[in-house]
Every structure is written in C-alpha cells, then in structure tokens.
Amino acid sequence: KSKVNATSENGSVHAGGVCGYNNATITNCTNESEVNATSENGSVYAGGVCGINYGTITESSNIGALTATSENSNVNAGGVCGINSGSIINSSNEGKLTAISKNGNTNAGGVCGSNNTNYIITNCFNKGEIISEARYSYAGGLCGSNYGSITNSTNEGALTETSENS
C-alpha cells in the first residue's frame, strides 16, 4: 500500500489521504494509504480523507492508519478530517489514529479532531482505535473537540488518552 508523508520543520502541515485542504466537495472517496504528518515547530492538521475541510465530505471513508505529531505545537487529527469547518455526511473511519504533541495540545477523534462552530457531522461512524498524547489532550470516539453539531453518529473504537493536565 502507498503512504502519504508530509513533514515540516517550522511550518504547519496539512495532510490527508485524498487532500490536505478541501474547499469544495469530496464524494465517494476511500483512503487506504497510511498517512504520516509531522512538524517540529508548526501545527499539524491531518485526516484520513482530508487535513482541513471547509467544504463537504460525503459518502467517504478512511481505512488507513494515521499518525500526526508535533514536538512544540498543536495537533488536530481525525479519521475523516483534522478540522471540520464544513459538513461531513455519511462518512466513516476504520483506521487506527495516533495524535502526539510533546509541548502542545491534541484534538483527536474518529471522525474529526475539531468540529468548529456551526458545522455538522451527521450519519457517521468510527471503528478505529484512537490514541492521543499531549500536555492537554482532547480526544473522543467521534470528535476531540466539538463546537458544532453531531447527529446520528456512533463510535465503536477504543480510546486511549494521556494528558499531563486532564
């Protein structure tokens, strides 16, 4: 199987199995590749399908493993997308997700790391294992941090969270 490797020493990383940044529509796409996103000093936005979503993701899935790490900044990682500022509908994750930040925060979830205000996740599921380690770790079976709306969605994946300041 193929791999997606995205790295930066000082800048942010946007990585996904289908795209790093979506401002349009992703429909009926499946990622089977392993996704690795790493930045020494910048933020990481990583998803099995898309790193950052400003559009619509529908009928899409991830079955590849995802690893997102930053030594000194924040990590947003999700089985479908790292940050959602759009819509995620009828989509799923079955891949293992690992989010690690030694000196920053993590938002890690089976569907998305962070679901922003006024945006939606509906009819989605996660069956992948979620591992999150950080000074401040926010992790959930569906979403690490939710400020929007999550409806008719389920989690069946295991969750392991390690945080210095829970």
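Computed from a predicted model, the values in this text were never measured in an experiment.
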For this session: Apply side chain to side chain contact (heavy atoms under 4.5 Å, CB included) to Cys50 and Val18, showing your working.
Result: CA-CA 6 Å; Cys50 176; Val18 175; 5.9 Å; no
Exercise. Closest heavy-atom contact between Glu161 and Ala139?
Worked result: OE2-N, 3.3 Å
Exercise. Can you tell me if Ser101 and Ser70 form a side-chain donor-acceptor pair at under 3.5 Å?
Worked result: no
For this session: Please test Tyr45 against Tyr21 for ring pair (Phe, Tyr, Trp, His ring centres under 6.0 Å), starting from the C-alpha separation and ending with a verdict.
Result: CA-CA 9 Å; Tyr45 308 94; Tyr21 180 96; 9.9 Å; no
Exercise. Less than 4.0 Å between a side-chain N and a carboxylate O, is that true for Glu71 and Lys102?
Worked result: yes
Exercise. Rounded to the nearest 0.5 Å, how far does OG of Ser85 lie from OH of Tyr119?
Worked result: 5.5 Å
For this session: Look at the side chain of Ser153 and the backbone N and O of Cys124, then say whether any donor-acceptor pair between them is shorter than 3.5 Å.
Result: yes
For this session: State plainly whether one hydrophobic cluster holds both Ile150 and Val111, where clusters connect Ile, Leu, Val, Met, Phe, Trp and Tyr through side-chain heavy atoms under 4.5 angstrom apart.
Result: yes
Seminar exercise, completed: Taken to the nearest 0.5 Å, the spacing of Ser8 OG from His14 NE2 works out to 10.5 Å
For this session: Using atom types as modelled and distance alone, determine if a side-chain donor or acceptor of Asn62 lies under 3.5 Å from a backbone N or O of Asn93.
Result: no
Exercise. Within the distance-only criterion (no hydrogens, no angle test), does the side chain of Ser33 pair as donor or acceptor with the backbone N or O of Asn31 below 3.5 angstrom?
Worked result: no
Exercise. Given Ile57 and Val80, is the side chain to side chain contact (heavy atoms under 4.5 Å, CB included) satisfied, shown in steps?
Worked result: CA-CA 9 Å; Ile57 299 172; Val80 177; 4.0 Å; yes
Problem set entry | Shortest non-hydrogen contact between Val75 and Ala99, atoms and distance | CG1-CB, 3.9 Å
Seminar exercise, completed: To the nearest 0.5 Å, atom CG of Asn123 lies from atom CD of Glu59 at 9.0 Å
Exercise. Can you name the nearest heavy-atom pair linking Ala6 to Val13, along with the distance?
Worked result: CB-CG1, 3.5 Å
Exercise. For Asn105, does its backbone N or O pair with a side-chain atom of Asn74 as donor and acceptor, under 3.5 Å?
Worked result: yes
Problem set entry | Residue pair Glu40 / Asn72, side-chain heavy-atom distance below 4.5 Å | yes
Problem set entry | Distance-minimising heavy-atom pair for Val4 and Gly17 | CG2-CA, 4.4 Å
Problem set entry | Distance in Å, Ile83 CD1 paired with Ile52 CD1, rounded so as to fall on 0.5 Å steps | 5.5 Å
Exercise. Judged by atom type as modelled, is there a donor-acceptor pair below 3.5 Å linking the side chain of Ser163 to the main-chain atoms of Arg135?
Worked result: yes
For this session: State whether a side-chain donor-acceptor pair under 3.5 Å links Thr151 with Thr122.
Result: yes
Problem set entry | Donor-acceptor side-chain pairing of Ser132 and Ser137 below 3.5 angstrom | yes
Seminar exercise, completed: What one should report as the nearest heavy-atom pair of Gly144 and Asn107 is C-OD1, 4.4 Å
Exercise. Mind checking whether Ile88 and Ile120 have side chains closer than 4.5 Å, heavy atoms only?
Worked result: no
Problem set entry | Residue from Thr69, Thr7, Asn5 passing side-chain hydrogen bond (donor to acceptor under 3.5 Å, both in side chains) with Asn36 | Asn5
Seminar exercise, completed: CD (Glu129) and CD (Glu94) are apart, to the nearest 0.5 Å, by 14.0 Å
Problem set entry | Qualifying residue, where the test is side-chain hydrogen bond (donor to acceptor under 3.5 Å, both in side chains) with Asn53 and the options are Asn23, Asn116, Asn22, Asn115 | Asn22
Exercise. Are Ser91 and Phe125 side-chain neighbours, meaning at least one heavy-atom pair lies under 4.5 Å?
Worked result: no
Problem set entry | Spacing of Cys112 atom SG and Asn84 atom CG [to the nearest 0.5 Å] | 5.5 Å
For this session: Please answer: with hydrophobic residues joined when any side-chain heavy atoms are less than 4.5 Å apart, are Leu159 and Leu97 in the same cluster?
Result: yes
Problem set entry | Minimum heavy-atom distance Gly148-Asn146, with the two atoms named | N-OD1, 3.1 Å
Exercise. Hey, are the side chains of Asn76 and Ser43 touching, using non-hydrogen atoms and a 4.5 Å cut-off?
Worked result: no
